[in-house]
Structures are given as structure tokens and as C-alpha cells.
Amino acid sequence: QVQLVEPGGGLVQAGGSLRLSCAASGRLFSINSMGWYRQAPGKQRELVARISTGGTINYEESVKGRFTISRDNVKNTVYLEMNSLKPEDTAVYYCNYISVIGAMEYWGKGTLVTVSS
């Protein structure tokens with residue numbers, strides 16, 4: 001079992017910045033990927049960004065150049081720095097953990113990010 005704790009959400013004005021973090025604990029595997037997904041009302045959950053243990057990164061097109069994902073493999077923590085936020089970024093952001101070798105996937109409870117105009 002893996003637990004994901006993801007503080008950092010909140011309210012921010014358009015153009016502002018916010019930093020999310022997610023710490024994983026429990027039965028972890030050394031080779032994994034962690035990332036952020038988001039879901040807005042009436043929309044499907046979508047990938048925001050992912051980063052593997054080796055540093056391979058993938059971003060959703062709309063956040064490229066604005067968001068930065070990083071991780072600390074020692075702390076088992078992933079970060080999402082969000083800049084130039086837009087109202088369209090408003091959503092519940094979920095931390096995700098995937099272990100390919102262990103064939104496991106876990107989700108955080110989600111944290112609400114609200115971007116006002």
C-alpha cells in the first residue's frame with residue numbers, strides 16, 4: 001500500500017503562481033513515476049505532468065512553459081510549480097504514483113486549485 005499526501009492547493013489570482021507537493025510513503029519501489037492529473041467539473045481527468053525516477057518528463061500541451069514538475073527521489077516527493085495560472089487551470093489536482101515493476105497505481109485524495117480572474 002502506498003499513501004500519497006498532497007498539500008499545496010488553494011486560491012490564486014490569474015497570472016499568479018502556486019506550488020503543489022506530494023509525498024509518497026508505504027511500500028515503494030525504486031523505479032517508478034509520479035505525476036499530477038487534474039479534473040475540472042464536467043471534464044475527464046487529464047494528465048498535467050509526469051516524471052520518472054530517471055527524470056523523464058512529460059507535460060500536457062497547455063501547461064508547457066508555465067508548469068514545472070520535479071522530484072526528490074530521496075524524499076519520494078514530487079512537486080509541481082505552476083506559474084502564469086489561468087482560470088482554465090481551475091481543477092482538483094491529483095497526485096499519482098505508478099510502479100511498473102510492481103504493477104501498482106495509487107492516487108492521492110486530490111487538492112483543489114482555484115484560479116480567479
Side-chain angles (χ1 to χ4, degrees):
Q1 181 67 37
V2 174
Q3 295 80 42
L4 303 174
V5 179
E6 50 195 1
L11 175 65
V12 63
Q13 293 185 346
S17 300
L18 198 63
R19 181 174 181 265
L20 305 181
S21 64
C22 174
S25 62
R27 284 186 167 271
L28 307 177
F29 289 81
S30 59
I31 302 176
N32 62 75
S33 70
M34 298 183 70
W36 293 94
Y37 288 71
R38 66 185 180 187
Q39 186 168 23
K43 297 183 178 180
Q44 67 183 97
R45 186 174 299 186
E46 65 177 1
L47 171 70
V48 178
R50 296 202 67 86
I51 182 169
S52 70
T53 308
T56 301
I57 296 174
N58 181 252
Y59 290 105
E60 192 273 328
E61 288 295 328
S62 69
V63 308
K64 287 184 177 180
R66 298 190 298 121
F67 292 8
T68 301
I69 189 170
S70 62
R71 65 182 293 164
D72 186 326
N73 291 337
V74 176
K75 297 180 179 180
N76 296 310
T77 300
V78 63
Y79 307 91
L80 185 67
E81 297 180 8
M82 303 183 291
N83 301 308
S84 301
L85 283 163
K86 305 174 181 179
E88 306 93 271
D89 295 317
T90 296
V92 176
Y93 285 70
Y94 297 90
C95 182
N96 175 260
Y97 175 99
I98 297 176
S99 174
V100 176
I101 296 177
M104 298 184 295
E105 183 175 16
Y106 297 91
W107 294 91
K109 294 295 184 180
T111 184
L112 178 63
V113 173
T114 302
V115 183
S116 62
S117 300

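Numbers here are sequence positions counted from 1. What you see is a predicted model, and the numbers here were worked out from it, not measured in a lab.
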N/O donor-acceptor pairs under 3.5 Å from side chains in residues 54-61, not counting sequence neighbours:
residue, atom, partner, partner atom, Å
Tyr59, OH, Ile69, N, 2.9
Glu60, OE1, Ser62, N, 2.9
Glu60, OE1, Ser62, OG, 2.1
Glu60, OE2, Ser62, N, 3.3
Glu60, OE2, Ser62, OG, 3.4
Glu61, OE2, Lys64, NZ, 2.8

At what distance, to the nearest 0.5 angstrom, does [atom1] of [X] lie from [atom2] of [Y]?
| X | Y | atom1 | atom2 | value |
| --- | --- | --- | --- | --- |
| Ile51 | Leu80 | CD1 | CG | 10.5 Å |
| Tyr79 | Arg71 | OH | CZ | 11.0 Å |
| Thr90 | Leu11 | OG1 | CG | 8.5 Å |
| Glu46 | Tyr37 | CD | OH | 10.5 Å |
| Leu20 | Trp36 | CG | CH2 | 4.5 Å |

For [X] and [Y], work out which heavy atoms get closest and say how close.
| X | Y | result |
| --- | --- | --- |
| Asn32 | Met34 | OD1-CG, 3.7 Å |
| Met82 | Leu85 | CB-CD2, 3.7 Å |
| Ala24 | Leu28 | O-CD1, 3.6 Å |
| Arg27 | Val2 | O-CG2, 3.3 Å |
| Ser84 | Ser17 | N-OG, 4.4 Å |

Given 3.5 Å as the limit, does a donor-acceptor pair link the side chain of Arg50 with the main chain of Ser33, or not?
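Between the backbone of Ser33 and the side chain of Arg50 there is a qualifying donor-acceptor contact (under 3.5 Å).
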Could you check whether atom CD of Gln3 has more than 12 heavy atoms from other residues, nucleotides or ligands sitting under 6.0 Å from it?
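Above 12, so yes.
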Neighbour count above 12 (heavy atom, 6.0 Å) for Leu47 CG
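Yes, CG of Leu47 has more than 12 neighbouring heavy atoms, counting only those of other groups under 6.0 Å.
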Throw together a table of side-chain donor-acceptor distances under 3.5 angstrom for residues 98-117, partners on residues two or more places apart or in other chains.
residue, atom, partner, partner atom, Å
Ser99, OG, Gly102, N, 3.2
Glu105, OE2, Asn96, ND2, 3.1
Thr111, OG1, Gly9, N, 3.2

With sequence neighbours left out, what residues match Arg66 under salt bridge (charged side-chain N to carboxylate O under 4.0 Å, His left out)?
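Counting only residues at least two positions away or on another chain, Arg66 forms a salt bridge (charged side-chain N to carboxylate O under 4.0 Å, His left out) with Asp89.
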Measuring only between side-chain heavy atoms, which start at C-beta, is [X] closer than 4.5 Å to [Y]?
| X | Y | value |
| --- | --- | --- |
| Tyr94 | Gln39 | yes |
| Cys22 | Tyr97 | no |
| Val78 | Cys95 | yes |

Transitive ILVMFWY side-chain link Leu18 to Val92, under 4.5 Å
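Each belongs to a different hydrophobic cluster.
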